[in-house]
Amino acid sequence: MSAFNRLLVNTLPLVPRFIVGRVAARYVAGATLDDALRVVGELNRQGAMATIDLLGEEVSERDRALAAVEEYLRVFAAIGERGLDANVSIKLTLLGLKVDEGFCRDNVATVAAAARAGGNFVRIDMEDSTCTDATLRIYRELQGTHGNLGVVLQAYMRRTLRDIAELPRAPEGGANVRLCKGIYVEPRRIAWKGYDTVRANFVRALEKLIELGIYPAIATHDEYLAAAATALIDKHGLRREQYEFQMLLGVDQELRDILLAAGHRLRVYVPYGRDWYPYSIRRLRENPEVARHVLRALIAGR
Ligand code: FDA
């Protein structure tokens, strides 16, 4: 990323909200469930699967967490009614993790039960390191009882290889792991910082998942990692249904099309909802052309 882009990334919180909203619109399906369903329908027509994410995080009121649970039940009903190829992703701090872990676990169990009734699946996103232990605890416990959950591990975390070793294995309830680099700002004490170090740990973690027979969802837009992943898929002779690639809505559609054309299964992360700001800021921080986009929006907005 250029020095100017880095400077802008550091000052993003000062950028007016309407400009952030305009530039980040590409990353979000819209404010409503209907917006998300329309985008998922289009992705399915293009041969991609989807995972629907209700935006929102860090809630401190029980009512907001319960409202999110209700919304996820509507999401599963709509997926079933429309016959969409989609599952859901959830954030535990939206479902009340910071209110009370037991309350959050019960909420996730309600969502997982609704998913199971429709033969569907729930992915638990991984948030910052204050959530890692509780996320893995809730995942392990509910995967044991429901069997239709997956979790996320971050290649930048030093603990990730150890966490992989402790995941549930078949036949007790085989694990399903989305592997990504990781997006939160973590101290060096617990997270690798070098770009190439994180890449190397991603490849090591992916190979370990494959060797242990754990289903990997390979979440990256890094062409180097996509190439490394396809080499590992070939080396270990994985069949098409034994893994998937995942990408975010609004990021590198060309790479998405290349992976689909090569015959891989690919799922797009489709966020929707009114609480779009924190997610959008995280996405803009990763956009190597953020400065150009923001300046263009500023000029257009005058
Ligand atoms: P990298 O950041 O190096 O990007 C590679 C290239 O992709 C860039 O050079 C650029 O061309 C393009 N690119 C990446 N981001 C872009 C953007 N926002 N706009 C425009 N271009 C962009 N993290 C986490 O901590 N917990 C989680 O649960 C998840 N969940 C998740 C789901 C899915 C489906 C994906 C794809 C990613 C996540 N992430 C995540 C985010 C992940 O940790 C990581 O921050 C981003 O995917 C960016 O990392 P890349 O591997 O794409 O590499």
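All figures in this text were calculated on a predicted structure; none of them were measured in a lab. We count ligands from 1, going down the list as the structure has it; atoms in each ligand are counted the same way.
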(Q) Here's one to test your reading of the geometry: is the NZ or CZ of R265 within 45 degrees of the ring axis of F245 and under 6.0 Å from its centre? (A) no
Is there any N or O on Q154 that sits under 3.5 Å from an N or O of ligand 1? yes
d(E244 CD, L238 CG) to nearest 0.5 Å is 12.5 Å
protein heavy-atom neighbour closest to atom 49 (O) of ligand 1 works out as K181 CD, 3.8 Å
Using distance alone, with no hydrogens and no angle criterion, decide if R178 and T51 have a side-chain donor and acceptor under 3.5 Å apart. no
Determine whether any protein heavy atom is located less than 4.0 Å from atom 4 (O) of ligand 1. no
- request: May I ask whether D252 has any heavy atom positioned less than 4.0 angstrom from an atom of ligand 1?
  value: no
heavy-atom search around atom 30 (N) of ligand 1 in the protein gives R178 NH1, 3.1 Å
In ligand 1, the atoms that come under 4.0 Å of a heavy atom of V152 are 27 (C), 28 (O)
Test item: side-chain donor near acceptor, E57 and T93, under 3.5 Å:
no
Residues L94 and A68: closest non-hydrogen pair is CG-CB, 3.7 Å
Under 4.0 Å, counting heavy atoms only: does Y195 come that close to any atom of ligand 1? yes
of all protein heavy atoms, closest to atom 29 (C) of ligand 1 is C180 SG, 3.8 Å
Residue, atom and distance of the protein heavy atom nearest atom 13 (N) of ligand 1 read V251 CG1, 3.6 Å
The option among I183, T220, L225 carrying the non-hydrogen atom nearest to atom 50 (P) of ligand 1 is T220
If only side-chain N and O atoms count, and only distance matters, is there a donor-acceptor pair under 3.5 Å linking D34 with T32? no
With heavy atoms and a 4.0 Å threshold, my read on which part of L248 contacts ligand 1 is both
Check for me whether R267 meets the cation-pi criterion with Y269, that is, NZ or CZ under 6.0 Å from the six-membered ring centre and within 45 degrees of the ring axis. no
Contact region, R282 to ligand 1, non-hydrogen atoms below 4.0 Å, reads neither
Legend entry - R283 to W276, cation-pi by 6.0 Å centre distance and 45° axis angle: no
Q) Could an N or O of ligand 1 be found under 3.5 Å from any N or O of G182, whether backbone or side chain? A) yes
Out of H221, E254, E286, the nearest non-hydrogen contact to atom 44 (C) of ligand 1 is supplied by E286
### Message
Is a donor from one side chain sitting under 3.5 angstrom from an acceptor on the other, for K181 and Y195?
### Response
yes
Residue, atom and distance of the protein heavy atom nearest atom 18 (N) of ligand 1 read R283 O, 2.9 Å
- Does the side chain of E71 pick up a donor-acceptor pair with the side chain of Y272 at under 3.5 Å? yes
One finds that the ligand 1 atoms under 4.0 Å from a non-hydrogen atom of D125 are 28 (O)
For atom 11 (O) of ligand 1, the closest protein heavy atom turns out to be P288 CG, 3.9 Å
A student checking ligand 1 against Y184 at a 4.0 Å heavy-atom cut-off should list atoms 25 (O)
Looking only at protein heavy atoms, what sits closest to atom 19 (N) of ligand 1 is Y27 OH, 2.7 Å
Closest heavy-atom pair, A86 versus V40, reported as atoms and distance to 0.1 Å, is CB-CG1, 3.9 Å
Residue, atom and distance of the protein heavy atom nearest atom 26 (N) of ligand 1 read M126 O, 2.8 Å
Residues 106-115 vs side-chain hydrogen bond (donor to acceptor under 3.5 Å, both in side chains), sequence neighbours excluded, gives none
